[in-house]
Structure formats: C-alpha cells, structure tokens
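Written out below as structure tokens is the structure these notes cover.
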There are 2 protein chains.
Amino acid sequence: MQDLLPLPIANLIEAFGRLPGIGPKSAQRLAFHLIGAPEGEVRELVNALLRSKSDLMLCASCFTVTDKTLCQVCSDPMRDHSMICVVQDTKDMLALERMRVYHGLYHVLGGVLSPMDGIGPDELQIRSLLQRLTEESVKELILATNSTMEGEATATFIARLAKPFETLSVTRIAHGIPIGGDLDYADEATLSRALEFRRPI
Amino acid sequence: MQDLLPLPIANLIEAFGRLPGIGPKSAQRLAFHLIGAPEGEVRELVNALLRSKSDLMLCASCFTVTDKTLCQVCSDPMRDHSMICVVQDTKDMLALERMRVYHGLYHVLGGVLSPMDGIGPDELQIRSLLQRLTEESVKELILATNSTMEGEATATFIARLAKPFETLSVTRIAHGIPIGGDLDYADEATLSRALEFRRPI
C-alpha cells in the first residue's frame, strides 16, 4: 500500500526518482539509506547541493561551470590562448582536460542544436563564440562536439559561421576505430568513418 | 585534472559517490544534472532530504519508520492485533504490505544479528518484541527475516526466546521454489529447502 508510506519517505523517493538513471528501486534504496544514515551524512549532501547552486556560475569567457568569474583555464597565462576547443558541456571539457594533452582554451556551448527540442543557435553560446573569434587572436578552432547527428550538425553550423575569419583554421576531432578496438566489433558508422578519413602513414 | 574541478562540483560528486549503488560515473552525471537543473528541482530534493530527517521517527510500538508516534498499521483498529510479523527493516514491511494479504501487525528489528559487525541482540529491537509478547495478547509470531545466514540465525534466536510464551505459535515464512520459477534454475540451497519443506497436497 503506497499510502502506508509516510509522506516524507514518499517525497524523498520521488525526488530521487526524478534524477537521471535512478529507477524506482534505486530511488527507494537511496531514500531508505539516507533515512537510516547519520544526520551528518545527510547534512553534507544537503550542503553540497546548496553550495552547487550558490557558489557556481558560468565562466565569463568560455561558459564552463566554475566557482570564479573567469575559470581556471581561461585565467591561466600558461595556456595557449590562440586555440579554442568547442565542446558541448563542462563534462566534455573535463574529459579532455584529464588527457593532459590539450593546452589551449575551451568554449562550452551548453548543448547542441536540436530544433526538435527547441534548441536553436540562440539557446547555445554561439554568439559569444563568434565574439571571441572577433576580439581574441584565435588561430585554431577545434570542434569537439559529439559525433551524434545533432553534434555533427552543430559542428557544421559553427564551421560555416567561422568561415569569414580567413586566418582561422577550423578543425574537427578525429573519429574512427577506438585505440585497442577491434574492427570486428566496430559499428558500421564508425567503420565507414574510419575508412573515409584514412590518412597516409 | 581533478584540481580543475571547482570545489562545489567536486564536493557534490563526492557526496553522491558515497551513496549505495552510485559509482563515480553516476555520481558525476547526477552532480552535473543538478548543477544544470532549475533552482526549484534542487530545492525540492534538499527539502525532501531535510524533511526525511526532521519529520520521521520510529513507531513507538513496532519501530517502523513513520511520521507519527504510532504508525499507520499499529494505530489501525481493523488490523489483527493478535499477529506480529517480525521483519528486518521498514522496506521489508512495505514489501509485505504491497501484497495486501497480511492484516496483522509488524515488528521491525532494525537489522539482523551479526556478531562480525558488532550487532548483538541489544542493537536490535528484540527486547521490545519480548515486551510486546508479554503485554499484548499475541497469538502468532511470524518470523520473516531474510533467508541469509544472519536472517536464519536471528529467526532461530527469537524463536528460542519466544518459547516460554506457551500459548504463542511461532512460525517462519515459507522458503522454496519461487512461483513461476524453474526447478532447473533454482540454486541448490533453495532446491534442497523446497524438498525438505514439502507439504501434503
């Protein structure tokens, strides 16, 4: 009987259930875990949640999520300010940072073009990107949106907008067989891309 | 670079990562989801968390998690007050309630005996159970702890303590092949139990 469930438990289960990747069973497990957990553990989660809203903002230049007006990458004079890597979100930027091979700057779009969901160029940080291309001396623009249909469309869209900047080189991250990946297991799209973009060795 | 991660994000990922069943990837996904979510969604989760601590307590009689001094089951005069079903936790009680076939009362132990984890009889609601058996006119005590080693040991322990109550019938929920289950797929322990506890038809 769901109505047996005290309201505070039901509400907590519901709140967890709304989170991505949390099914009804997981939501219930999380709720009961926290109900039985020490006050301090709940306090910490609550504080972390509140802080994530109060202390975070978007970087004034690249629009990544940060706790400073200008993020750590944009404010680092050691980074190569002539390169901008365009990514969909902060998570993708962090994934690239973990590689420690890229030393340029970023620009976080905040999503990809998706007319079906009502996301056009104005919903993304595209205007601000063009402004950076105008004001900063950028030599290379690396388009690192995902290789989904929307990601490709967004990359193509930005590449077209960047065309007027004649000295700017616009590139797209490579797609192909993952390193260590087996040709046999690669999906058709990946395999045909790998063939199409073959390069001399 | 983990140090690129603003502290409020890192803290939120860490707080989620401490929850059961949430791995590092899920923790990151949850954190970024909430960072990007509307203020209201975070507020609701925070309130649900705070309420679960402030508004919940253990039922004075059966020790289930509830928002009243006496839980909905214990305070229901239509329930059969002569039967007590002993379960490990509130979740198990709710699972039984969902079946809508049991109309007696419950007693929530708050765990099972587990000497390895320092959980002895005093850490569980066993004394309070014996008190109920003394004070209330209980006719049947159903032991519904899980069929783990600890659950069995706890059931046996309680059954022994309940022996002096001569008019009390102590029973154990049935274990065997699940309905719709295939003999072929049943594990050895279940299959041998199913044979051992066969009953005339």
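The sequence lines fix the lettering, A, B, ..., with proteins before strands; numbering per chain opens at 1.
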Problem set entry | Close side-chain approach of B/I22 and A/R29, heavy atoms under 4.5 Å | no
Problem set entry | B/E196 atom CD, over 12 foreign heavy atoms within 6.0 Å | yes
Problem set entry | Per-residue contact mode, B/L34 against chain A (heavy atom under 4.5 angstrom) | both
Exercise. Which pair of heavy atoms, one from A/S52 and one from B/P8, lies closest together, and at what distance?
Worked result: CA-CB, 4.3 Å
Seminar exercise, completed: One option among A/V73, A/L7, A/L56, A/T90 has the most heavy-atom pairs under 4.5 Å with chain B, and it is A/L56
Exercise. Can you tell which of A/E39, A/K91, A/R51, A/M93 has the highest number of heavy-atom pairs within less than 4.5 Å of chain B?
Worked result: A/K91
Exercise. Are there more than 12 heavy atoms of other residues, nucleotides or ligands under 6.0 Å from atom CE of A/M57?
Worked result: yes
Exercise. Within a radius of less than 6.0 Å around NZ of B/K139, do more than 12 heavy atoms belonging to other residues, nucleotides or ligands occur?
Worked result: no
Problem set entry | Within-4.5 Å side-chain heavy-atom neighbours: A/L45 and B/E14 | no
Exercise. Relative to chain A, which segment of B/V42 carries a heavy atom at a distance below 4.5 Å: side chain, backbone, both, or neither?
Worked result: side chain
Seminar exercise, completed: Here the pair of heavy atoms bringing B/R18 nearest to A/E41 is O-OE2, 4.5 Å
Exercise. When only pairs under 4.5 Å are counted, which of B/D55, B/T64, B/T66, B/N47 shares the most heavy-atom pairs with chain A?
Worked result: B/T66
For this session: Answer yes or no: is there a donor N or O on one side and an acceptor on the other, between the side chain of A/K68 and the main chain of B/P6, under 3.5 Å?
Result: no
Exercise. Should A/F16 and B/L49 be marked as a side-chain contact (heavy atoms from CB on, under 4.5 Å) after you check the CA-CA gap, both sets of side-chain angles, and the distance that decides it?
Worked result: CA-CA 10 Å; A/F16 274 123; B/L49 282 164; 4.3 Å; yes
Seminar exercise, completed: In this structure, CD1 of A/I35 is separated from CG of B/D89 (nearest 0.5 Å) by 11.0 Å
Exercise. Do the side chains of A/L50 and B/R43 get nearer than 4.5 Å, heavy atoms only?
Worked result: yes
